[in-house]
Amino acid sequence: MAPSLGSGSTRILLIVSLLLCLRQQAVVDAAIVEHTFHVGNLTVERLGQRQVITAVNGQFPGPKVEARNGDTLLVRVVNNSPYNITIHWHGVLQRLSAWADGPAMVTQCPILPGSSYTYRFNVTGQEGTLWWHAHVSFLRATVYGALLIRPRPGVPYPFPAPHAEHTLLLGEWWNASATLVDVERQAFLTGGQPANSVALTINGMPGLSHAHKEMHHLRVARGNTYLLRLVNAALNYQLFFKVAAHNFTVVAVDACYTDPYHTDVIVIAPGQTVDALMHAGAAPGRRYYVAAQVYQSIANATYSATARALLRYDDDAKDAAKTIIMSPRMPALNDSATAQRFYGSLTGLLRDGKPTMPQRVDTRMVVTYGLAIAPCLPAQTLCNRTRGSLAASMNNVSFQLPATMSLLEASRSRSSGVYTRDFPDRPPVMFDFTNAAAVNRNMSLMVTSKGTRVKALRYNETVEVVLQNTAVLGTENHPLHLHGFNFYVLAQGTGNYYYLIRKKKIRKNLVNPQQRNTIAVPPGGWAVIRFTADNPGVWLMHCHLEAHLPFGLAMAFDVQDGATPDAMLPPPPNDYPPC
């Protein structure tokens with residue numbers, strides 16, 4: 001018998017009431033997480049040398065920020081350092097809070113010495129390992145920390161629950177007589193590359209001493225499973241990560257869940273994070289080194305470094321001198337095959353009720369990028385004006401940050417003269433992008449010019465971008481980070497994308513592609529990404545090799561407001577830093 005109108009109405013009321021209760025419960029479960037970051041000088045000793053660095057709250061690495069899906073974060077940054085500072089919340093989507101994203105002169109002017117600014121943002125719809133770091137100069141070499149977003153109370157992980165977890169931040173260390181700001185400044189003046197770091201670090205420790213001084217220790221209980229939260233906070237190097245005699249199951253990257261991927265080596269580029277389960281079941285009577293080693297994608301590169309930590313079982317021998325320590329067998333420093341196997345094997349975890357990849361594409365772009373040469377600027381007093389300055393570009397535009405107003409403020413105030421909305425959808429010249437011999441004989445392909453040009457997007461349009469690395473001045477694996485969005489990685493590989501697509505040798509994953517906010521595009525290769533521009537603001541996309549950002553390897557998307565209040569960016573907060 002068909003239900004009466006009354007019984008149907010009752011069911012509708014019950015459903016509505018249930019939805020309201022669930023929504024109210026979500027609000028009740030959400031919290032406001034507050035922190036104060038005091039940025040200032042800190043004297044530390046590493047590798048036998050005392051050094052003054054910039055740090056947060058007297059800690060290196062900085063404090064861990066922990067929240068749950070749905071929480072609101074309020075972080076007041078007090079700048080007691082001698083440098084301008086901003087903090088970027090790497091991987092936080094910043095929905096309707098673009099003013100809190102953090103890149104200097106993109107979404108805000110820097111926090112001046114003696115000033116403060118409170119970052120306000122929500123982390124609804126996000127779970128996993130992210131991180132925060134300075135987004136001014138080379139200061140992020142020491143100003144960084146973990147940002148962990150856990151599921152709501154009572155909501156399990158979509159993988160077997162670990163017994164415990166360890167957060168490992170992988171970084172670089174300079175034993176410089178000058179500050180890191182001076183290291184960057186010297187590179188600018190000469191128009192060349194900055195000086196290399198002298199060591200890698202794991203949680204701030206290089207771990208090079210056989211006496212295990214300056215080494216981070218991990219304690220585990222035999223038979224337990226641990227969630228390793230890995231962050232590559234290094235400025236300029238991708239890394240291989242291994243633990244002797246242990247394997248991993250990768251369950252998330254960049255705070256996006258993946259299908260379980262089993263491996264004995266993790267590859268992680270600057271800016272990326274990896275969540276991996278590790279079972280503590282190695283042979284007793286031993287200790288085990290944890291190692292992070294440089295991965296070099298540049299041909300003929302020789303620089304290498306390895307940081308170590310020590311994994312110890314609770315039941316290991318008390319006499320350390322009699323305990324055998326096992327070392328992992330690391331890949332060759334230029335093992336691009338291992339790197340690409342890892343990057344290309346990950347797929348996204350399909351979960352009921354979660355958004356799926358958009359199938360319709362509104363805007364298609366091809367963005368070629370790589371190193372270039374630009375005329376020396378007047379301020380580059382040590383630059384060889386015959387040879388020119390090392391630069392970088394995307395679609396032959398070498399990105400230049402504005403000097404008087406942030407891009408976001410200029411966009412929202414409709415100020416003219418700060419930037420133009422004419423970033424090209426295609427490179428100005430199509431050529432055999434990865435043919436090094438041909439490319440580097442053509443000087444016109446090597447020269448670029450500065451510009452502050454952005455790509456304007458309508459609210460909610462879907463964008464597909466082919467990212468094509470070129471062989472101009474050499475190929476390299478560039479980790480490209482997009483602020484404000486996670487994107488789907490549909491395909492990636494080596495060679496010239498358009499040659500391969502004509503030969504029908506590319507197969508896009510339109511079912512369960514991995515999601516990321518930072519992609520390591522293969523050296524001399526390409527990647528295809530897709531995202532929906534459903535977040536109004538100005539969002540930077542740039543290489544996360546820190547040396548390449550001042551070179552100009554960046555661009556920005558200017559996403560317009562939607563038609564309804566919940567799709568419109570509110571005005572900036574009252575304490576928004578002035579320029």
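Checked options Gln272, Arg516, His88, His544; the residue passing with His481 is His88 (criterion: side chain to side chain donor-acceptor pair (under 3.5 Å)). Under the side-chain contact (heavy atoms from CB on, under 4.5 Å) rule, Tyr303 has a single partner from Leu333, Val294, Ile298, which is Val294.
Using a 3.5 Å distance cut-off with no hydrogens or angles, the side chains of Thr475 and Asn469 do not pair a donor with an acceptor. With no hydrogens or angles considered, a side-chain donor-acceptor pair links Asn79 and Ser81 at under 3.5 Å. Counted by atom type alone, Ser97 and Tyr119 present zero donor-acceptor pairs between their side chains at under 3.5 Å. No hydrogens or angles considered: a donor-acceptor pair under 3.5 Å links the side chains of Glu184 and Ser137. Checked by atom type, the side-chain pair Asn486/Asp254 shows no donor-acceptor distance below 3.5 Å. Looking only at atom types and distance, the side chain of Gln238 has no donor-acceptor partner in the side chain of Asn232 under 3.5 Å away. If you check the side chains of Thr129 and Asp275, you find a donor sitting under 3.5 Å from an acceptor. Side chains of Thr347 and Gln514: no donor on one and acceptor on the other come within 3.5 Å. For the residue pair His483/Thr107, the side-chain donor-acceptor check at 3.5 Å is not satisfied.
Salt-bridge check for Asp422 with Lys455: failed, with every basic side-chain N at 4.0 Å or more from each acidic carboxylate O. Salt-bridge annotation for Arg412 and Asp561: present, with a side-chain N of the basic residue lying under 4.0 Å from a carboxylate O of the acidic one. A salt bridge links Lys508 and Glu464; the closest N-O separation between the charged side-chain nitrogens and carboxylate oxygens is under 4.0 Å.
Heavy-atom contacts from other residues, nucleotides or ligands closer than 6.0 Å to CZ of Arg507 number 12 or fewer. Residue Tyr499 places its OH atom among 12 or fewer non-hydrogen atoms of other residues, nucleotides or ligands, all under 6.0 Å distant.
Between atom CE of residue Met357 and atom CG of residue Leu510 there is a gap of 4.5 Å, rounded to the nearest 0.5 Å. Rounded to the nearest 0.5 Å, atoms CG (Asn395) and OG1 (Thr368) are 4.5 Å apart. Met568 CE to Leu96 CG: the interatomic distance, rounded to the nearest 0.5 Å, is 10.5 Å. To the nearest 0.5 Å, atoms CG (Leu139) and CG (Asn84) are separated by 9.0 Å. How far CE of Met555 is from CG of Leu482: 9.0 Å, rounded to the nearest 0.5 Å. Between atom OG1 of residue Thr448 and atom CG of residue Asn396 there is a gap of 4.0 Å, rounded to the nearest 0.5 Å.
A donor-acceptor pair under 3.5 Å is absent between the side-chain atoms of Ser115 and the main chain of Ile111, judged by distance alone.
Ring centroids of Phe557 and Phe531 are separated by less than 6.0 Å, placing the two rings close together.
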Test log, rule ring pair (Phe, Tyr, Trp, His ring centres under 6.0 Å), inputs His548 and His542:
CA-CA 8 Å; His548 292 177; His542 65 99; over 10 Å; no
Using side chain to side chain donor-acceptor pair (under 3.5 Å), reason through Tyr419 and Asp558 one step at a time and then give a plain yes or no.
CA-CA 11 Å; Tyr419 69 94; Asp558 185 0; 2.7 Å; yes
Run the side chain to side chain donor-acceptor pair (under 3.5 Å) check on Asn175 and Trp173 step by step: do they pass?
CA-CA 7 Å; Asn175 261 357; Trp173 183 258; 2.8 Å; yes
Carefully, step by step, assess Tyr237 and Asn196 under the rule side chain to side chain donor-acceptor pair (under 3.5 Å).
CA-CA 10 Å; Tyr237 291 108; Asn196 273 329; 2.6 Å; yes
Check the pair Thr518, His90 against side chain to side chain donor-acceptor pair (under 3.5 Å), reporting the backbone distance first and the verdict last.
CA-CA 10 Å; Thr518 305; His90 190 113; 3.2 Å; yes
Under the side chain to side chain contact (heavy atoms under 4.5 Å, CB included) criterion, do Tyr488 and Ile529 qualify, and how do the steps go?
CA-CA 5 Å; Tyr488 293 92; Ile529 66 172; over 6 Å; no
